[in-house]
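Here is the structure we will look at, set down as structure tokens.
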Amino acid sequence: MSEYKMFIGSHVSMGGPDYFVGSVKEAISYNASTFMFYTGAPQNSFRVPLERCKIEEGKKLLLEHGFDLSKLVVHAPYILNMANKTKPDLFEVSKKNLINELIRTEAFGATMLVLHPGAHVGQGIEAGLENIVEALDEVFSKDGTKVKIALETMAGKGSELGANFDEINYIISHSKYPDRLGVCLDTCHISDEGLDLSKFDEILDLFDQKVGIDKILCVHVNDSKNPIGSHKDRHENIGYGHIGFDALCHVVHHPKLNNIPKILETPYFNEKPPYKKEIEMLLKETYEPDWRDNL
Ligand code: FE
Ligand code: FE
Ligand code: ZN
């Protein structure tokens with residue numbers, strides 16, 4: 001296990017006054033070796049101008065601490081929806097905002113942007129997938145960056161698309177820009193969609209068959225509050241959910257996923273971030289029962 005460096009971290013916040021510098025400091029405080037951030041609020045597309053984000057200072061700090069810019073992950077706001085055209089305004093605004101997110105991602109020096117593919121909201125799966133392909137083609141023809149979009153595997157809540165590997169593959173294989181598309185595997189979502197994480201090798205084989213394992217750009221490591229197939233999308237702390245520590249530890253240390261950034265998006269407990277402890281246990285491959293009580 002020592003021939004490769006493990007890239008593991010969590011989502012961190014990016015808010016004023018320190019912006020990117022604050023994000024880097026937060027990641028350092030968790031002993032993380034990478035991290036994920038939204039370049040503004042996750043729920044909206046309002047974005048602080050790049051000049052105010054303390055990007056150069058943050059980059060300097062992260063390089064001093066041995067982080068690798070190519071392993072940083074940016075997440076697009078989740079209100080974007082390119083799967084539904086019945087609200088033409090939202091479709092247009094989503095494309096425009098996605099272009100802006102790609103430009104911002106590149107400005108931070110990061111190379112990948114995680115995106116929820118979208119929800120068809122009654123338009124139907126096929127139409128929804130076609131809308132996404134069309135929107136992404138337009139975005140990639142205009143954004144002028146080299147940033148890759150990692151389509152996140154979703155929990156299948158409501159009319160969310162990208163919940164199974166066939167849908168993910170549909171988007172990538174129909175795109176005019178397949179080289180700019182990859183995948184972010186979310187363990188909670190995969191379990192909620194109906195796959196058993198205790199058989200992760202089989203899941204990876206299935207993914208390889210349907211999409212191609214080299215398309216995996218990022219892994220979201222979350223336990224799930226709900227049993228397999230629940231389609232609920234409620235993340236749980238590592239070891240407290242239905243997936244469990246051993247299965248998640250196996251994912252994190254899987255030899256086929258070496259060098260892929262692993263990002264925790266587990267909930268705070270008693271208003272405290274759990275990430276330092278979760279990272280420590282996953283790196284040590286040792287679970288400490290009731291660890292949350294000592295946060
Ligand atoms: Fe996500
Ligand atoms: Fe996720
Ligand atoms: Zn989720």
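Order of appearance sets the numbers: ligands from 1, and atoms from 1 within every ligand. Position 1 is the first residue of the sequence; numbering continues from there.
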Contact check: Cys184 to the Fe ion (ligand 1), N/O/S below 2.8 Å:
no

Residues Lys96 and Glu92 bridged, charged N to O under 4.0 Å
no

Assess whether a salt bridge exists between Glu56 and Lys60, defined as any Lys/Arg side-chain N lying under 4.0 Å from an Asp/Glu carboxylate O.
no

Would the Tyr275 and His11 ring centres measure less than 6.0 Å apart?
yes

Asp233: its N/O/S atom lying closest to the Zn ion (ligand 3) (atom name)
OD1

Among the N/O/S atoms of His235, the Zn ion (ligand 3) lies closest to NE2

Let me check your reading of the structure: within less than 2.8 Å of the Fe ion (ligand 2), is there an N/O/S atom from His220?
yes

So, for Phe37 and Phe20, is the gap between ring centers shorter than 6.0 Å?
yes

Among the N/O/S atoms of Glu265, the Fe ion (ligand 2) lies closest to OE1

Between OE2 of Glu152 and OD2 of Asp186, what angle is found at the Fe ion (ligand 2), rounded to 10 degrees?
90°

Suppose we only count N/O/S atoms under 2.8 Å; would Glu265 qualify as near the Zn ion (ligand 3)?
no

Strictly below 4.0 Å, N to O, side chains only: are Lys142 and Glu138 in salt-bridge contact?
yes

Could you confirm whether Cys188 has any N/O/S atom lying under 2.8 Å from the Zn ion (ligand 3)?
no

Name the orientation class of the two ring planes belonging to His189 and His235 (parallel below 30°, tilted from 30 to 60°, perpendicular beyond 60°).
tilted

Has His220 got an N, O or S atom lying less than 2.8 Å from the Zn ion (ligand 3)?
no

The Fe ion (ligand 1) is nearest to which N, O or S atom of His75?
NE2

Quick check, are the ring centers of Phe67 and Phe7 under 6.0 angstrom apart?
no

